[in-house]
Protein chains: 2
Amino acid sequence: MDNPLTRKLQTYVRLTGADTDRLADALGPARRIGARIDIVAEGDDPRAVNVVLDGWAGRYKQFADGRRQIVSLLLPGDTCDPNIFLLERMDHAIIALTPVTLAQISGRTMQDLRSRSETLEEAFHREMLAVAAIQREWTVSLGRRSALERLAHLLCELHLRQATIGLADGPSCPMPLTQPDLADALGQTSVHINRTLQDLRRAGLVALRSRRLTLLDPDRLWSLAQFDPTYLHHTRDHAGAGVRPREADPAAARPAVRL
Amino acid sequence: MDNPLTRKLQTYVRLTGADTDRLADALGPARRIGARIDIVAEGDDPRAVNVVLDGWAGRYKQFADGRRQIVSLLLPGDTCDPNIFLLERMDHAIIALTPVTLAQISGRTMQDLRSRSETLEEAFHREMLAVAAIQREWTVSLGRRSALERLAHLLCELHLRQATIGLADGPSCPMPLTQPDLADALGQTSVHINRTLQDLRRAGLVALRSRRLTLLDPDRLWSLAQFDPTYLHHTRDHAGAGVRPREADPAAARPAVRL
DNA sequence: GGTCGGAACTAATCTGTGTTAGTCGCAAGA
DNA sequence: TCTTGCGACTAACACAGATTAGTTCCGACC
């Protein structure tokens with residue numbers, strides 16, 4: 001009953017006890033997957049919906065010449081798309097970025113769940129909308145944000161997404177991505193990620209060590225990243241977990257923070 | 001009955017006459033919107049689902065300092081998300097990139113449509129999956145593709161998406177985007193778009209004038225872009241419309257085409 | 001407790017793309 | 001017909017970030 005998927009969906013709608021029971025029953029047995037192992041390969045026929053219970057995973061596409069782009073991150077409570085079983089072939093792969101615990105929900109069960117509960121149906125729809133919005137925000141980052149803004153924005157997003165499901169401890173939270181992982185997510189090289197991270201540290205905005213992130217000055221970080229959490233579409237209030245900066249100044253034609 | 005939305009959904013599932021009739025009835029009266037006008041503004045409460053019947057629109061986000069990123073393109077038959085009415089606030093705006101004809105489906109009607117027909121329900125779900133896949137592919141383009149590959153890839157995508165709904169004429173199709181539009185979609189400047197376009201022309205790969213695109217050498221263009229149409233997830237066969245190159249050589253560790 | 005491999009970090013150099021500042025052509029309106 | 005404005009196009013120069021080639025650090029495993 002207290003699994004991250006339930007907590008996640010609770011941020012969109014108020015689930016009844018019956019809903020959470022059904023959800024818990026729907027989850028298959030937990031599976032452990034080691035770090036750096038593909039959970040799903042490109043070209044697979046996706047038979048079931050995978051739910052991340054613990055650890056981080058990432059969707060990615062890789063070119064023949066080795067270039068790789070991580071296209072989204074799956075944190076605890078995230079699913080590899082509630083409708084994925086409708087497709088015949090995965091167009092991308094999913095890798096465990098840390099050791100990961102997964103549960104599966106079969107396509108059949110998923111359809112049952114949604115047809116039995118309007119609330120769950122709505123929750124999954126909202127979840128899909130939120131995922132789409134995150135993907136759009138990544139597109140914006142890769143297209144128009146500088147290295148510094150891009151990294152700052154991602155760190156804001158990851159902190160908030162974790163705070164929402166109770167995984168943040170005030171201004172700090174897990175951040176198990178390596179610098180090469182960050183590079184593949186942000187469309188850069190690990191060398192440049194390192195430089196940019198140093199800049200953020202030197203500016204006193206974040207601390208990041210032993211896989212743990214602390215937002216030292218959330219206000220200035222949000223402002224630098226022009227981070228507007230609206231896009232995460234959490235309707236019920238969990239956001240920020242004590243780290244909600246005041247409204248950004250809309251008059252600022254440039255990020256308020258420079259380094 | 002022969003509207004682009006129907007044609008689009010037909011690429012995913014086989015719709016019955018009853019389905020297409022219901023769809024046609026669901027569409028509200030057509031609305032004309034002039035080029036460069038916002039169809040939906042950021043912050044709006046989305047009451048209904050907009051469907052593009054004619055013309056091109058684009059989702060975008062704009063920063064206070066003027067930087068703009070077009071996050072996706074809406075072609076005829078595309079909807080601004082079948083579930084959008086669940087949200088309270090648009091996190092991005094939608095602009096008419098050409099004069100556009102729209103129809104609306106209210107949230108209520110949309111829910112009716114889907115609850116009355118399993119097939120329509122599945123069609124809309126598949127449509128959402130395809131849209132998500134396109135968004136991921138854009139993320140890959142912005143993150144890891146060079147200017148040349150990026151532009152080539154987008155042109156392939158736009159040609160194929162139009163071919164699918166019967167808007168392409170063999171290897172050529174409408175392409176009403178201006179170079180500044182392309183720049184905002186590809187995360188670049190119009191100056192560089194122009195340079196890159198000249199390169200593609202000089203290589204004899206495409207012709208683009210008076211808002212019309214012709215793929216002069218689709219095989220080499222697909223190969224340059226490493227374009228793999230799987231991600232569009234059209235299960236029924238409309239793709240290519242006579243311009244389907246043979247399978248790309250998976251052994252090629254580098255794009256086969258250089259300039 | 002050593003060694004091994006990958007992640008963190010640094011520095012020098014290179015380059016793809018941005019910036020700035022134009023010209024030209026064309027289509028819409030006055 | 002003349003203007004106006006925007007899109008297509010070009011050139012010179014600047015710079016953010018890539019590339020290459022390391023060294024150091026740390027944790028996992030023998």
Side-chain angles (χ1 to χ4, degrees), chain A residues 34-37 56 63 65-70 95-99 141-152 154 175-202 206-213 224 254-255 258-259, chain B residues 34-37 56 63 65-70 95-99 141-152 175-202 206-213 254-255 258-259:
Chain A
R36 307 287 142 189
I37 299 192
W56 290 26
F63 296 174
D65 62 21
R67 282 178 290 177
R68 185 173 82 144
Q69 177 68 39
I70 294 181
I95 191 177
L97 295 170
T98 68
S141 275
L142 294 178
R144 291 296 184 210
R145 279 193 252 260
S146 69
L148 195 66
E149 295 168 326
R150 221 182 274 189
L151 180 55
L154 182 62
M175 220 306 288
L177 300 182
T178 64
Q179 293 181 7
D181 289 338
L182 282 169
D184 282 340
L186 297 178
Q188 294 178 302
T189 59
S190 59
V191 174
H192 202 65
I193 292 290
N194 187 282
R195 288 193 277 249
T196 309
L197 201 46
Q198 305 295 348
D199 289 344
L200 285 178
R201 289 202 257 244
R202 227 172 294 122
V206 308
L208 176 54
R209 45 178 226 292
S210 25
R211 326 268 98 141
R212 202 160 177 90
L213 167 71
L224 166 65
R254 274 276 162 195
R258 300 273 190 62
L259 299 187
Chain B
R36 306 289 142 188
I37 298 192
W56 290 26
F63 295 174
D65 62 20
R67 283 177 290 176
R68 187 174 81 145
Q69 178 67 39
I70 294 181
I95 191 177
L97 295 169
T98 68
S141 275
L142 293 178
R144 290 298 184 208
R145 280 193 251 260
S146 70
L148 195 66
E149 295 168 326
R150 221 182 274 188
L151 180 55
M175 220 306 286
L177 299 182
T178 64
Q179 293 182 6
D181 288 338
L182 282 169
D184 283 340
L186 297 178
Q188 295 176 304
T189 58
S190 59
V191 174
H192 203 63
I193 293 291
N194 187 282
R195 289 194 276 246
T196 310
L197 201 45
Q198 305 294 350
D199 290 345
L200 285 179
R201 290 202 258 244
R202 227 173 292 122
V206 307
L208 176 55
R209 45 178 226 291
S210 22
R211 324 269 96 141
R212 201 160 179 92
L213 167 71
R254 272 276 163 196
R258 301 272 189 64
L259 299 188

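Values reported hereafter were calculated over all heavy atoms of this structure, with side chains retained and with hydrogens, waters and symmetry mates removed. Throughout, protein chains are lettered first and strands after them, A, B, ... in sequence-line order, and every chain is numbered starting at 1.
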OP1 or OP2 of [N] sitting under 4.0 Å from any side-chain N/O of [X]?
X        : N      : result
B/Arg211 : D/dA8  : yes
B/Thr189 : C/dT17 : no
B/Arg150 : C/dG16 : no

- Residue mapping more 5' on DNA chain D - nearest nucleotide basis, B/Arg36 or A/Ala147: B/Arg36
If you check the [X] side chain, which of [options] turns out closest?
X        : options                : value
B/His192 : C/dG18, D/dC9, C/dT19  : C/dG18
B/Gln198 : D/dC9, C/dG18, C/dC9   : D/dC9
B/Val191 : C/dT19, C/dA11, D/dA18 : C/dT19
B/Arg195 : C/dG18, D/dC9, C/dA12  : C/dG18
B/Asn194 : D/dT10, C/dT17, C/dA11 : D/dT10
B/Pro180 : C/dA7, D/dG7, D/dG17   : D/dG7

Rounded to the nearest angstrom, tell me the gap between atom [atom1] in [X] and atom [atom2] in [N].
X        : N      : atom1 : atom2 : value
A/Arg202 : C/dC9  : CZ    : P     : 11 Å
B/Met175 : D/dA8  : CE    : P     : 9 Å
B/Asp65  : C/dT19 : CG    : P     : 10 Å
A/Leu213 : C/dA8  : CG    : P     : 14 Å
B/Leu177 : D/dG7  : CG    : C1'   : 13 Å
B/Leu97  : D/dG7  : CG    : P     : 11 Å
B/Arg201 : D/dC9  : CZ    : P     : 5 Å
A/Gln188 : C/dG16 : CD    : P     : 17 Å

- Query: Taking the side chain as C-beta and beyond, is there a heavy-atom pair between B/Arg67 and B/Asp184 under 4.5 Å?
  - Reply: no
- Heavy-atom side-chain contact between B/Asp181 and B/Arg68 under 4.5 Å: yes
- Flag for A/Asp199-A/Thr196: side-chain donor and acceptor within less than 3.5 Å: no
- Task: Hey, which sits more toward the 5' end of DNA chain C by its nearest nucleotide, A/Arg144 or A/Ser190?
- Result: A/Ser190
- Note on the structure: Correct closest heavy-atom pair for B/Arg150 and B/Gly187 would be NH1-O, 4.1 Å
- Note on the structure: Heavy-atom closest pair (A/Ile193 atom, A/Leu151 atom, distance to 0.1 Å) is O-CD2, 4.4 Å
- Have a look at B/Ser146 and say if it touches a base, only the backbone sugar-phosphate, or nothing, with a 4.0 Å heavy-atom cut-off. sugar-phosphate
